[in-house]
Peer 1: 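Here it is: the structure, laid out below.
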2 protein chains.
Amino acid sequence: MARAGLSKQRLIRAGAELADEVGFDRVTVSALARRFDVKVASLYSHLRNSHDLKTGIALLALEELAERAADALAGRAGKDALAAFANAYRDYAGEHPGRYAATRFPLDPRTAAASAGGRHAQMTRAILRGYDLPEPDQTHAVRLLGSVFHGFVSLEASGGFSHSAPDSPETWAWVVDHLDALLRSLRAPEP
Amino acid sequence: MARAGLSKQRLIRAGAELADEVGFDRVTVSALARRFDVKVASLYSHLRNSHDLKTGIALLALEELAERAADALAGRAGKDALAAFANAYRDYAGEHPGRYAATRFPLDPRTAAASAGGRHAQMTRAILRGYDLPEPDQTHAVRLLGSVFHGFVSLEASGGFSHSAPDSPETWAWVVDHLDALLRSLRAPEP
DNA sequence: TAAATTGCCTAAAAGGCTTAGGTAATTTCT
DNA sequence: AGAAATTACCTAAGCCTTTTAGGCAATTTA
């Protein structure tokens with residue numbers, strides 16, 4: 001009997017595609033087995049359990065998102081960097097809704113520490129460096145940006161903005177604009 | 001045999017409690033039946049299906065949250081109203097994490113239209129009235145507030161802010177403060 | 001080519017969702 | 001109050017997902 005050529009990597013990758021197609025919370029070991037035309041139990045040679053699969057998808061998504069954000073940030077500073085970073089975030093969520101949802105999958109502390117999650121915070125701080133904020137404003141600002149980006153993307157994904165003018169890209173630009181203004185207003189005074 | 005005295009209302013109420021205890025996505029018809037010491041099939045006289053139960057919990061939560069927000073808003077205006085509204089939101093999510101998660105359950109358009117969701121948007125607009133914003137800034141601002149509140153609460157719930165100083169209530173106050181400043185800066189010029 | 005490993009299989013248990021159809025408790029009507 | 005109608009909960013059964021145990025065949029290694 002020919003083998004299907006499964007591996008943890010391939011399964012996680014296919015799981016991510018499945019998530020984008022049907023939603024992260026509908027990703028199931030069974031559905032994945034069907035996709036490879038293989039019996040369910042076969043997947044358990046590669047995955048400890050269903051939680052393991054979801055964790056894998058989450059880590060993959062965090063990695064991809066971090067890479068996109070890093071690319072977007074390269075060679076930019078100030079508002080330019082802020083906008084590029086914000087767009088990388090929103091675009092990724094738009095193109096890969098299931099993967100984006102996966103980035104919210106709760107990771108146990110050890111896994112989280114080894115994930116790309118830290119790079120996200122690092123990049124946000126890098127953007128803020130251009131605004132030269134004093135502590136503790138900088139930390140507050142990291143959290144504000146995280147909240148706005150995640151909140152916006154998440155409300156947009158659940159259709160919150162879809163039935164009223166102006167359309168949501170317009171609001172997105174407005175939000176980035178005013179976040180920039182807010183951050184500029186916080187610049188540390190010259191010594 | 002004595003009856004348990006089930007009803008759709010009671011089931012949804014108990015489902016909401018269960019959600020707060022174990023998480024909204026772990027709310028299950030079976031668990032609910034166990035809680036009432038009744039066979040699973042019995043619940044199907046009161047609920048169409050599991051989706052129906054979750055929808056009910058979502059509607060309950062939206063209702064409760066709207067009521068709290070309305071109470072918080074009563075007799076306040078300007079920054080005072082903004083802070084009270086924001087706190088109502090955050091406090092509710094802190095006290096009732098499962099119910100809060102339920103407010104994000106996707107409702108079909110007809111159900112959503114009949115829900116308390118509309119009142120939330122109305123209240124946000126009421127707060128903004130105090131800032132006297134021109135259109136389309138007002139709509140953008142409604143969305144910004146929604147994004148920040150939801151994003152913050154959601155990141156806080158998933159433990160995003162818990163392992164670093166300053167603590168998250170401090171950031172929350174800071175965020176409300178600077179949102180107020182942002183909104184004030186947008187006030188329509190005197191005619 | 002024989003031995004060791006690996007990849008996928010069958011089988012089965014446990015738990016969740018849902019429907020169909022039945023019996024006992026309660027309410028309503030006479 | 002007693003009969004009739006309704007309601008509340010039950011048993012039974014089918015289907016789906018997760019997970020474990022143990023087996024055989026394909027592949028890799030020696």
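The chains referred to below are lettered A, B, ... by the order of the sequence lines, with proteins before strands, and numbering in each begins at 1.
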Peer 1: Identify, residue by residue, the members of residues 40-49 of chain B with a heavy atom below 4.0 Å from DNA chain D, and return them in order of residue number, or none.
Peer 2: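 Result for residues 40-49 of chain B: Ala41(B), Ser42(B), Ser45(B), His46(B), sorted by number.
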Peer 1: Phe36(A) CZ to dC9(C) C1': how many Å, rounded?
Peer 2: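 Computing the Phe36(A):CZ to dC9(C):C1' distance gives 17 Å.
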Peer 1: Among the candidates dC8(C), dT18(C), dC9(D), find the nucleotide nearest to the side-chain atoms of Ser50(B).
Peer 2: dT18(C)
Peer 1: Just the rounded figure in Å: distance from C1' of dT6(C) to NZ of Lys8(A).
Peer 2: 17 Å
Peer 1: Between Thr28(A) and dT18(D), is there a contact of a side-chain N or O with OP1 or OP2 at under 4.0 Å?
Peer 2: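 Yes, because at least one side-chain N or O of Thr28(A) sits under 4.0 Å from OP1 or OP2 of dT18(D).
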Peer 1: Do any N or O atoms from the side chain of Thr124(B) and from the backbone of His120(B) form a donor-acceptor pair under 3.5 angstrom?
Peer 2: yes
Peer 1: Hey, would you say the Phe161(B) and Phe152(B) ring centroids sit under 6.0 Å apart?
Peer 2: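 When the ring centroids of Phe161(B) and Phe152(B) are compared, they turn out to be within the sub-6.0 Å range.
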Peer 1: Please name the residue in the list Arg13(B), Arg119(B), Arg99(B) that meets the salt bridge (Lys or Arg N to Asp or Glu O under 4.0 Å) test with Glu63(B).
Peer 2: Arg119(B)
Peer 1: Quick test of your reading of the model: are Lys8(A) and Asp52(A) salt-bridged, counting only N-O distances below 4.0 Å?
Peer 2: yes
Peer 1: Determine whether the aromatic ring centres of His96(B) and Tyr100(B) lie less than 6.0 Å apart.
Peer 2: no
Peer 1: Kindly say if Ser30(B) contacts the phosphate of dC17(C), meaning a side-chain N or O under 4.0 Å from OP1 or OP2.
Peer 2: yes
Peer 1: Among the nucleotides dC9(D), dC17(C), dT19(D), which one has an atom lying closest to any side-chain atom of Val38(B)?
Peer 2: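 Among dC9(D), dC17(C), dT19(D), the one nearest the side chain of Val38(B) is dC9(D).
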Peer 1: What is the distance, rounded to the nearest whole Å, between atom NZ of Lys39(B) and atom C1' of dA20(C)?
Peer 2: 18 Å
Peer 1: Ignoring backbone atoms, establish whether Arg34(B) has a side-chain N or O less than 4.0 Å from OP1 or OP2 of dG16(C).
Peer 2: yes
Peer 1: Taking 4.0 angstrom as the limit, do Glu95(B) and Arg90(B) come out as a salt bridge?
Peer 2: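 No, no charged N to carboxylate O under 4.0 Å.
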Peer 1: In whole angstrom, give the distance that lies between atom NZ of Lys54(B) and atom C1' of dT18(C).
Peer 2: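 Answer to the nearest Å: 14 Å.
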Peer 1: Report the distance from atom CG of Leu11(B) to atom P of dC17(C), rounded to the nearest whole Å.
Peer 2: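 For the pair Leu11(B) CG and dC17(C) P, the rounded distance is 13 Å.
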